[in-house]
Trainee: 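Dropping the structure in here first, questions after.
The basis for the numbers below is simple: all heavy atoms, side chains too, and nothing from hydrogens, waters or symmetry mates. Below, read A as the first sequence line, B as the second, and so on, with proteins coming before strands; counting in each chain starts at 1. Everything numeric in this text was worked out from a predicted model, so none of it was measured.
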Number of protein chains: 2
Amino acid sequence: MNKTISHNIVIVDDHSLFASSLEKLVNSFNNFNVLYHAKNGRDLQQKLKDYSELPEIILLDLNMPVMDGFETMEWLHENHKKIKVLVLTMEDDEGKILKMLSNGAKGYLLKDIHPDKLNEALVQTLEKGYYHSEKVAESLLHSLHSNDTEKPTFKEREIDFMKLACSEMTYKEIADKMNLSPKTIDGYRQDLFNKLDVKNRVGLVIYALKNDISKI
Amino acid sequence: MNKTISHNIVIVDDHSLFASSLEKLVNSFNNFNVLYHAKNGRDLQQKLKDYSELPEIILLDLNMPVMDGFETMEWLHENHKKIKVLVLTMEDDEGKILKMLSNGAKGYLLKDIHPDKLNEALVQTLEKGYYHSEKVAESLLHSLHSNDTEKPTFKEREIDFMKLACSEMTYKEIADKMNLSPKTIDGYRQDLFNKLDVKNRVGLVIYALKNDISKI
DNA sequence: ATAGAAAACAGGGAAAAACCCTTTTTTAAA
DNA sequence: TTTAAAAAAGGGTTTTTCCCTGTTTTCTAT
């Protein structure tokens with residue numbers, strides 16, 4: 001039995017197999033103890049209420065149903081400033097990294113890291129208050145130098161259109177489906193091409209898929 | 001200390017965090033013991049040689065660098081018939097399920113299952129020799145009823161073309177890049193449209209992405 | 001109430017994509 | 001060597017896409 005204090009961790013991930021497995025791993029680290037895990041942000045909110053003990057660190061996934069990592073991060077930042085959040089996800093998208101860090105995440109880890117790195121991250125987060133891997137540092141620098149990362153904003157109908165554009169429908173058929181004139185659709189198309197700096201419909205489709213606007 | 005025999009498991013997954021975590025979970029099950037884990041098929045081949053003990057069950061991921069789950073399955077089927085392979089992956093694609101099962105996998109599990117299901121699968125695989133979840137059974141039935149699943153076969157150049165079609169290049173530019181006449185490209189396009197039953201280039205792009213012919 | 005902005009709508013014209021049918025060249029097989 | 005099949009091109013037409021430039025409608029803020 002060790003006399004040193006065990007630090008409480010909470011895991012938020014919708015994949016229960018991964019969460020359960022990770023729990024065992026974290027428990028095997030020195031001085032770390034998983035309190036519980038939550039399926040998503042909403043579930044976490046409930047459990048933070050139900051349990052008397054608060055975690056020191058939350059390991060947070062991004063892609064989750066009901067309430068995803070981004071929403072959860074915002075909520076935690078508002079309501080539980082003391083809890084340190086480490087993002088643990090598959091997504092290595094620069095924009096997402098930046099978004100989460102600027103929302104108050106103390107670190108960003110990719111799910112394919114070595115277990116030792118996770119241990120290191122947990123320890124450092126307690127000691128220094130944050131953990132930044134080389135990869136994340138790189139991304140940050142890169143985004144500073146190329147200040148093109150201003151993500152465009154879309155109107156509702158533009159998003160509807162983009163989703164439909166990721167199909168075999170012609171623009172005329174899309175116009176029909178959206179109850180708009182083909183020329184209006186042509187306007188959306190044009191605006192999007194300019195905004196996203198793409199040359200043709202395939203470019204638009206690729207953009208929509210890359211940015212999770214549409215799924216196939 | 002339990003006197004019952006512990007059954008040896010091997011995990012094959014390129015995500016070392018997941019593999020390490022899963023190892024802890026499997027070790028926590030009754031009568032199961034993880035011998036080691038491998039990063040990919042090639043790594044597994046080496047380790048099967050190096051270790052005197054063979055596993056009874058291998059938990060196999062599909063998406064891996066160097067030597068993926070499909071190749072690995074084939075090799076195991078040829079060289080280690082006695083080892084029972086359970087596929088453990090994110091991919092719920094019907095074609096992949098069928099491919100792996102027909103290659104000799106004893107079960108197909110999705111990574112978002114509950115830990116108890118994994119335990120159940122391991123036990124059943126030892127007892128009955130296989131494990132089939134409801135989801136997989138469904139897929140099998142579905143594929144029987146809709147016998148459209150005959151995947152078309154592609155020529156080398158067709159695949160090259162499809163990859164290039166998943167970009168903003170025009171057909172003329174693609175022809176240039178492939179050192180062919182635009183008319184030849186038009187022939188490829190026509191054949192593919194017929195073969196894949198798609199109406200236009202967007203349809204082709206979606207097909208190529210869905211079937212991992214091209215990635216974005 | 002009204003100016004200004006955003007959204008919807010639209011015409012003309014050029015380029016690309018899609019479609020269909022035919023021909024030559026290569027390759028492989030009988 | 002003839003035959004057949006596959007690969008590569010060509011000609012020509014229709015449809016869709018793309019791009020530029022406008023007008024009308026709708027909403028919103030002062």
Side-chain angles (χ1 to χ4, degrees), chain A residues 95 148-216, chain B residues 95 148-216:
Chain A
D148 49 10
T149 329
E150 315 146 22
K151 275 209 177 164
T153 152
F154 302 111
K155 302 165 216 157
E156 282 301 314
R157 299 294 268 172
E158 274 183 339
I159 292 174
D160 295 341
F161 164 67
M162 269 195 279
K163 286 179 182 171
L164 293 172
C166 296
S167 77
E168 291 189 46
M169 273 188 273
T170 66
Y171 290 139
K172 201 186 289 183
E173 288 167 337
I174 293 174
D176 261 21
K177 189 147 226 168
M178 292 180 68
N179 291 317
L180 294 171
S181 146
K183 281 300 180 182
T184 307
I185 290 299
D186 196 49
Y188 286 153
R189 183 197 55 70
Q190 185 85 323
D191 282 352
L192 284 169
F193 279 18
N194 292 332
K195 196 151 45 174
L196 307 178
D197 196 30
V198 298
K199 284 189 191 67
N200 51 41
R201 183 161 164 184
V202 175
L204 182 65
V205 169
I206 290 171
Y207 179 92
L209 294 175
K210 267 192 182 164
N211 293 273
D212 288 325
I213 290 157
S214 178
K215 292 175 186 28
I216 53 170
Chain B
D148 50 9
T149 328
E150 315 148 22
K151 275 209 178 164
T153 152
F154 302 111
K155 303 163 216 154
E156 283 300 314
R157 298 295 269 172
E158 275 183 340
I159 292 174
D160 295 342
F161 163 66
M162 268 196 280
K163 284 180 182 170
L164 293 172
C166 296
S167 77
E168 290 189 47
M169 273 188 271
T170 67
Y171 288 139
K172 202 186 289 184
E173 289 166 337
I174 292 173
D176 260 20
K177 191 149 225 165
M178 291 179 70
N179 289 319
L180 292 170
S181 145
K183 280 299 176 178
T184 307
I185 291 299
D186 194 51
Y188 287 154
R189 182 198 56 71
Q190 185 90 316
D191 283 352
L192 284 169
F193 279 18
N194 291 333
K195 195 150 48 173
L196 306 178
D197 197 32
V198 299
K199 284 190 190 67
N200 51 42
R201 184 159 162 183
V202 176
L204 182 65
V205 168
I206 290 171
Y207 179 91
L209 294 176
K210 265 191 182 167
N211 292 275
D212 287 324
I213 290 158
S214 178
K215 293 174 190 21
I216 53 169

Trainee: For C:dC9 and A:Thr184 - does any side-chain N or O of the residue sit under 4.0 Å from the phosphate oxygens OP1/OP2?
Mentor: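 Yes.
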
Trainee: Would the base of C:dG12 count as contacting A:Lys183 through its side chain, where contact means a donor and an acceptor less than 3.5 Å apart?
Mentor: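 Such a pair is found, so the answer is yes.
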
Trainee: Would you find a donor on one side and an acceptor on the other, under 3.5 Å apart, between the side chain of B:Arg201 and the backbone of A:Val202?
Mentor: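 Looks like no, no N/O pair under 3.5 Å.
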
Trainee: For B:Asp191 and C:dC20, what is the distance between atoms CG and C1' respectively, to the nearest whole Å?
Mentor: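 Nearest whole value for this atom pair: 13 Å.
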
Trainee: Select base, sugar-phosphate, or nothing to describe what B:Thr170 touches, counting heavy atoms under 4.0 Å on all strands.
Mentor: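 Sugar-phosphate contact only.
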
Trainee: Is it true that B:Arg189 and B:Asp186 have a side-chain N and a carboxylate O under 4.0 angstrom from each other?
Mentor: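 Salt bridge between B:Arg189 and B:Asp186, a charged N being under 4.0 Å from a carboxylate O: yes.
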
Trainee: Rounded to whole angstrom units, what separation is found between the CZ atom of B:Arg189 and the P atom of C:dA16?
Mentor: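 Going from B:Arg189 (CZ) to C:dA16 (P), I get 15 Å.
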
Trainee: Please report the distance, rounded to the nearest Å, between NZ in A:Lys172 and P in D:dT17.
Mentor: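 From A:Lys172 NZ to D:dT17 P: 9 Å.
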
Trainee: Measure CD1/A:Ile159 against P/C:dA7 and give the value in whole Å, please.
Mentor: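 Computing the A:Ile159:CD1 to C:dA7:P distance gives 12 Å.
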
Trainee: At 4.0 Å (heavy atoms only), tell me whether A:Arg201 reaches a base, stays on the sugar-phosphate, or touches nothing.
Mentor: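 Sugar-phosphate contact only - A:Arg201 comes under 4.0 Å of backbone atoms but never of a base.
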
Trainee: How many whole angstroms separate atom CD of B:Gln190 from atom P of C:dT23?
Mentor: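 Atom-to-atom, B:Gln190 to C:dT23, this comes out as 17 Å.
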
Trainee: Round to the nearest Å and state the distance from A:Asn179 atom CG to C:dA7 atom P.
Mentor: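 In whole Å, C:dA7 P lies 19 Å from A:Asn179 CG.
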
Trainee: Reckon A:Tyr171 has a side-chain N or O less than 4.0 Å from the OP1 or OP2 of D:dC18?
Mentor: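 Yes, such a contact exists.
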
Trainee: Dump the intermediate steps for side-chain contact (heavy atoms from CB on, under 4.5 Å) on A:Leu192 and A:Phe161, then the final yes or no.
Mentor: CA-CA 10 Å; A:Leu192 284 169; A:Phe161 164 67; 3.5 Å; yes

Trainee: Could you tell me how far apart A:Ile185 (CD1) and D:dT16 (P) are, to the nearest whole angstrom?
Mentor: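 Whole-Å distance recorded here is 15 Å.
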
Trainee: Between the side chain of B:Asn211 and the main-chain N/O of B:Ile213, is any donor-acceptor distance below 3.5 Å?
Mentor: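 Checking the backbone N and O of B:Ile213 against the side chain of B:Asn211, no donor-acceptor pair under 3.5 Å is found.
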
Trainee: Calculate the interatomic distance between A:Lys199 atom NZ and C:dA14 atom C1'; express it in whole Å.
Mentor: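 Taking atom C1' of C:dA14 as the reference, NZ of A:Lys199 is at 18 Å.
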
Trainee: Using a heavy-atom cut-off of under 4.0 Å over every strand shown, decide if B:Asp186 touches base, sugar-phosphate, or nothing.
Mentor: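 Base contact - B:Asp186 has a heavy atom under 4.0 Å of at least one base atom.
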
Trainee: Please tell me which of B:Gly187 and B:Asn200 maps to the more 5' nucleotide of DNA chain D, matching each residue to the nucleotide holding its nearest heavy atom.
Mentor: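 Nearest-nucleotide comparison on DNA chain D picks B:Gly187.
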
Trainee: Answer yes or no: does a side-chain N or O of A:Lys155 lie under 4.0 Å from OP1 or OP2 of C:dA7?
Mentor: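 For C:dA7, OP1 or OP2 has a side-chain N or O of A:Lys155 closer than 4.0 Å.
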
Trainee: How are the rings of B:Phe154 and B:Tyr207 set relative to one another: parallel (under 30°), tilted (30 to 60°) or perpendicular (over 60°)?
Mentor: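 Perpendicular, since the angle between the ring planes exceeds 60°.
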
